[in-house]
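Here the structure comes first, spelled out in structure tokens, and everything after it is commentary.
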Amino acid sequence: MTLRIHNTLTRQKEAFVPLQPGKVSLYVCGVTVYDFCHVGHARVYVVFDVVQRTLKKLGYDVTYVRNFTDVDDKIIGRANKNGESCDQLTERTIAAFYKDMDALDIERPQVEPRVTGHMPEIIALVQQIIERGHAYEVPGEFGGNDVYFDVVSFPAYGVLSGRSQDDNQDGASERVSHDTRKRSQADFALWKSAKPGEPSWESPWGQGRPGWHIECSAMSCKHLGASFDIHGGGKDLVFPHHENEIAQSKAANGQDFARYWMHNGFVTVDSEKMSKSLGNFFTIRDVLARYHPQVLRYYLLTAHYIAPLNFSDKSLDDANRRVLYMYEKLAAADELLARTQVAAGPELPVVQKARAELLEALTDDFNTPKALASLSEPLQVLSQALEKPKDQANQKTVAQVRAFFGEAAALLGLFQHDAAATAAEIIEMAKTLRFPAGSEALASVERLIEERNAARANKDFAQADVLRKQLLDLGVEVGDTRQGTVWRPNLGQGDSAV
RNA sequence: GGCGCCAUAGCCAAGUGGUAAGGCAAGCGACUGCAACUCGCUCAGCCCCGGUUCGAUCCCGGGUGGCGCCUCCA
């Protein structure tokens, strides 16, 4: 099956042909580790997790590299503010990063390089760029030299972002303070001379540290080679970060750099980009305090990765209901299959169709909304079959659809957990959020339920219905089952804002 | 100012040159003491104006409305 990828470089969907048959090299820009990740970060890494899973499913031997930026102005600033070392800050942040990623079932890349571990490679790369005449030194503020990339010396500058050098001049001249040491205002730092008290490394230009962009050129080259298949990241990295990476890498070795560029759209809040600087962000752990990780993951996959994704309670609540429903159906299937011997047989058309649609969707530029839609029909068939579980044909349907969801799980990173347990977790989260243990709210719900049960026992149904209405007003749905009365919060009517 | 993206039902969201997936919500029916859950059924002429075409939501041009990048940002 042919994989098609929208390539930022050409702004077109192209058939994917790897550099080496059977192998895919993938580099995704990681995070600068000075703070917790927000939902925007979650989206990138969930998206590329699905990319990576799809590539594996297609039989490729995937080398996935995702870096940590652990030297940076913001890290230094935050560490100083906290009164701790940069190392302490970055180590702690990386641990938190893993906790978030693991919760979202994001698989670890094969290589996770850190900038601090690649100084020799970075320095060598900068030297190479200087030697080839694409960078120059200027005196730094506190001794040592800064090294800048000479944009004018590299005519191809702008291929990715579609800007001419004149465009950049115009824009930059209004907002960026002029640095008279730079030959062109578009020139960017490859190496920064150290200021007192900052982490620094010995280099041919004195004590200093790398500029932001050079690290990715150095690390991708080391772990994937000068030329590799796919380079990804958030849309905001197209310019200048990725543009600069291309310039540096090509200037250094003259070879092709990444062949396919993938950029995911932003997570927005009220249609505005979620970002640290705007302050309109929600950390992953903020969200996971209110929604199950599977719900967040599902939600992040409900839009195509290129499109913007507007973050809202309403959307999460929709996802919450749907994911709970799906897990409950899978749990019911598991329960049936655990006590039933189902004979094997030819695969049902509905499963064959769904599998084909799922794969087709993912191989068409990782169309996850379409992929999720492909699960609906088999799920419906499963639900119908579960209505009459003694029917042998239905049992077969349940077994086959359940098995198919196992396959889908591997691709989407959903439904990989025990279904009954996950469904229970989702309900429990909603309960404890709205009716915390020991709270008056919980006590009153339980009191009403008892009263209602007493009324029902006395056949006083009028009173029972009054109490049901009261519970509903509290956001509680009551269900009378053979096992007794159960209740759950009315998902999606929460008053809490994210 | 430069470059670019988006505009599909109440909400979210796919998609195709030939009369629009899926989800949530909603309505109706079944089930139920009544309900919830569940199952079944119902539910869009695709921002506006031109053009190309036998035919456009999908192609081209213009407009309007959102948004992004050009400064750190996933």
Side-chain angles (χ1 to χ4, degrees), chain A residues 8 11 28-32 37-48 72-74 77 158 161-164 166-177 186 212 232-241 243 263-268 270-278 281 298-299 302-304 306-310 312 314-323 325-326 328-329 332 357 361 364 367-377 379-380 383-384 386-388 456 459-462 464-465 468-469 471-472 476-481 485-488 490-492:
Chain A
T8 309
R11 291 186 188 79
V28 175
C29 286
V31 283
T32 300
C37 285
H38 63 232
V39 180
H41 300 110
R43 185 181 194 190
V44 189
Y45 303 122
V46 165
V47 162
F48 283 100
D72 166 88
D73 288 344
K74 287 190 294 275
S161 56
R163 297 156 209 266
S164 70
D166 292 340
D167 295 340
N168 293 314
Q169 306 279 0
D170 291 345
S173 62
E174 302 217 347
R175 298 205 193 165
V176 180
S177 58
W212 174 37
K235 209 175 179 184
D236 44 3
L237 298 182
V238 173
F239 190 90
H241 187 57
E243 193 71 70
H263 293 96
N264 67 278
F266 300 130
V267 174
T268 58
D270 295 330
S271 296
E272 288 195 319
K273 179 185 176 186
M274 179 183 288
S275 73
K276 289 266 167 93
S277 41
L278 285 173
F281 64 92
Y298 176 93
Y299 166 66
T302 56
H304 183 75
I306 290 177
L309 180 64
N310 200 236
S312 71
K314 173 75 167 59
S315 306
L316 259 339
D317 288 339
D318 286 356
N320 205 193
R321 275 186 283 262
R322 184 61 177 168
V323 171
Y325 172 81
M326 293 173 107
E328 284 185 327
K329 287 299 154 195
E357 285 176 357
D364 183 14
N367 193 330
T368 54
K370 208 171 175 183
L372 291 174
S374 74
L375 303 180
S376 286
E377 193 185 347
L379 193 69
Q380 185 187 26
S383 303
Q384 289 166 343
L386 285 166
E387 292 290 297
K388 291 180 182 167
R456 291 183 71 228
K459 304 278 185 207
D460 184 357
F461 293 120
D465 289 347
R468 174 195 293 288
K469 179 67 170 59
L471 284 158
L472 206 55
V476 173
E477 290 175 353
V478 181
D480 300 316
T481 71
T485 299
V486 295
W487 67 275
R488 65 169 64 165
N490 190 342
L491 295 181

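Side chains are part of it too, since the values below use all heavy atoms of this structure and drop only hydrogens, waters and symmetry mates. Order of the sequence lines sets the chain letters (A, B, ...), proteins ahead of strands, with each chain counted from 1.
- Checking Y45(A) against H304(A), the closest nucleotide of RNA chain B that is more toward the 5' end is the one next to H304(A).
- Nearest nucleotide to the D318(A) side chain, out of G66(B), A74(B), G23(B): G23(B).
- Rounding to the nearest 0.5 Å gives a distance of 7.0 Å between CD of E477(A) and CG of L491(A).
- Rounded to whole Å, the P atom of A56(B) lies 37 Å from the corresponding atom of A25(B).
- Between A7(B) and C60(B), the distance separating the two P atoms is 13 Å to the nearest Å.
- Side-chain atoms of D236(A) and base atoms of G68(B) include no donor and acceptor less than 3.5 Å apart.
- Side chain R321(A) to base G23(B): no donor-acceptor pair is found below 3.5 Å.
- A distance of 8.5 Å separates CG in N264(A) from CG in L237(A), rounded to the nearest 0.5 Å.
- At distances below 3.5 Å, not a single donor-acceptor pair connects side-chain atoms of E357(A) with backbone N or O atoms of S374(A).
- Taking only side-chain atoms of R322(A), from C-beta outward, the nucleotide of G68(B), G15(B), C24(B) with the closest atom is C24(B).
- L237(A) comes within 4.0 angstrom of sugar-phosphate atoms only, judged by non-hydrogen atoms across all strands, and of no base.
- Nucleotides C37(B) and A30(B) are separated by 14 Å at their C1' atoms, to the nearest Å.
- For the pair R322(A) and Y298(A), the cation-pi test (distance below 6.0 Å, angle within 45°) is failed.
- Comparing U8(B) with A21(B), their C1' atoms sit 12 Å apart, to the nearest whole Å.
- With a cut-off of 3.5 Å on both Watson-Crick or G-U wobble distances, the partner of C3(B) is given as G68(B).
- Ion pairing between a basic and an acidic side chain is recognised when a charged N comes within 4.0 Å of a carboxylate O; K314(A) and D318(A) show such pairing.
- Note: CD (E357(A)) to P (G15(B)) measures 14 Å, nearest angstrom.
- Here, G66(B) and C47(B) have their C1' atoms 11 Å apart, quoted to the whole Å.
- Dashed line: the shortest gap from a side-chain N or O of K273(A) to OP1 or OP2 of C69(B) is under 4.0 Å.
- Counting to the nearest Å, the P atom of A13(B) and the OH atom of Y299(A) are 8 Å from each other.
- Here the P atom of nucleotide G2(B) and the CD atom of E243(A) are 19 Å apart, to the nearest Å.
- C24(B) and U16(B) have their C1' atoms separated by 25 Å, given to the nearest Å.
- Nearer the 5' end of RNA chain B, as judged by each residue's closest nucleotide, is the contact made by I306(A), out of S315(A) and I306(A).
- When the C1' atom of A74(B) is taken as reference, atom NE2 of H241(A) falls 10 Å away, rounded to whole Å.
- As judged by a 4.0 angstrom heavy-atom cut-off over every strand, D72(A) is placed among residues making no nucleic acid contact.
- The CG atom of D317(A) lies 9.5 Å from the CG atom of N490(A); values are rounded to the nearest 0.5 Å.
- Across all strands shown, C58(B) has no partner, as no Watson-Crick or G-U wobble contact with both distances under 3.5 Å is found.
- Between N310(A) atom CG and C24(B) atom P there is a gap of 20 Å when expressed in whole angstrom units.
- Using a 4.0 Å cut-off between charged side-chain N and carboxylate O, R488(A) and E328(A) make a salt bridge.
- Remark: E272(A) CD to N310(A) CG distance equals 10.0 Å, nearest 0.5 Å.
- Pair check for G29(B) finds C39(B); Watson-Crick or G-U wobble, both atom distances under 3.5 Å.
- When Watson-Crick and G-U wobble pairs are counted only if both distances are under 3.5 Å, U16(B) pairs with no nucleotide at all.
- Considering only side-chain atoms of R11(A), the nucleotide from C5(B), C34(B), G23(B) that sits closest is C5(B).
- Atom-to-atom, CG of L372(A) to P of A14(B) comes out at 11 Å; the value is rounded to the nearest Å.
- Between G1(B) and G10(B), the two C1' atoms lie 40 Å apart (nearest whole Å).
- Across all strands shown, U53(B) remains unpaired; no Watson-Crick or G-U wobble contact has both distances below 3.5 Å.
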Begin with the C-alpha distance, continue with both residues' side-chain angles, and end with the deciding distance and a verdict on side-chain contact (heavy atoms from CB on, under 4.5 Å) for M326(A) and L375(A). CA-CA 10 Å; M326(A) 293 173 107; L375(A) 303 180; 4.1 Å; yes

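- Residue N367(A) contributes atom CG, which lies 13 Å from atom P of A13(B) at whole-angstrom precision.
- Here C69(B) presents its P atom at 13 Å from CG of N264(A), a figure rounded to the nearest Å.
- Within 4.0 Å of G232(A), counting heavy atoms only, lies no atom of the nucleic acid at all.
- When the C1' atom is compared between A14(B) and C6(B), the two are found 15 Å apart, to the nearest whole Å.
- Using a 4.0 Å heavy-atom distance criterion, V47(A) is classed as making no nucleic acid contact.
- Atom OG of residue S275(A) and atom CZ of residue F266(A) lie 9.0 Å apart, to the nearest 0.5 angstrom.
- The partner of C24(B) is G10(B), judged by Watson-Crick or G-U wobble contacts that both fall below 3.5 Å.
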For nucleotides 35-42 of chain B, print each protein N/O atom paired with a nucleotide N/O atom at under 3.5 Å, atom names and distance only.
| residue | atom | partner | partner atom | Å |
| --- | --- | --- | --- | --- |
| A35(B) | N6 | D480(A) | O | 3.3 |
| A35(B) | N1 | D480(A) | N | 2.8 |
| A35(B) | N3 | R468(A) | NH1 | 2.7 |
| A35(B) | N3 | R468(A) | NH2 | 2.5 |
| A36(B) | O2' | E477(A) | OE1 | 3.3 |
| U38(B) | O3' | K329(A) | NZ | 3.3 |
| U38(B) | O2' | E387(A) | OE2 | 2.7 |
| C39(B) | OP1 | Y325(A) | OH | 2.4 |
| C39(B) | OP1 | S383(A) | OG | 3.2 |
| G40(B) | OP1 | Q380(A) | NE2 | 3.2 |
| G40(B) | OP1 | Q384(A) | NE2 | 2.3 |

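- Residue contacts for G233(A): at a heavy-atom cut-off of 4.0 Å it reaches the sugar-phosphate backbone alone, with no base atom in range.
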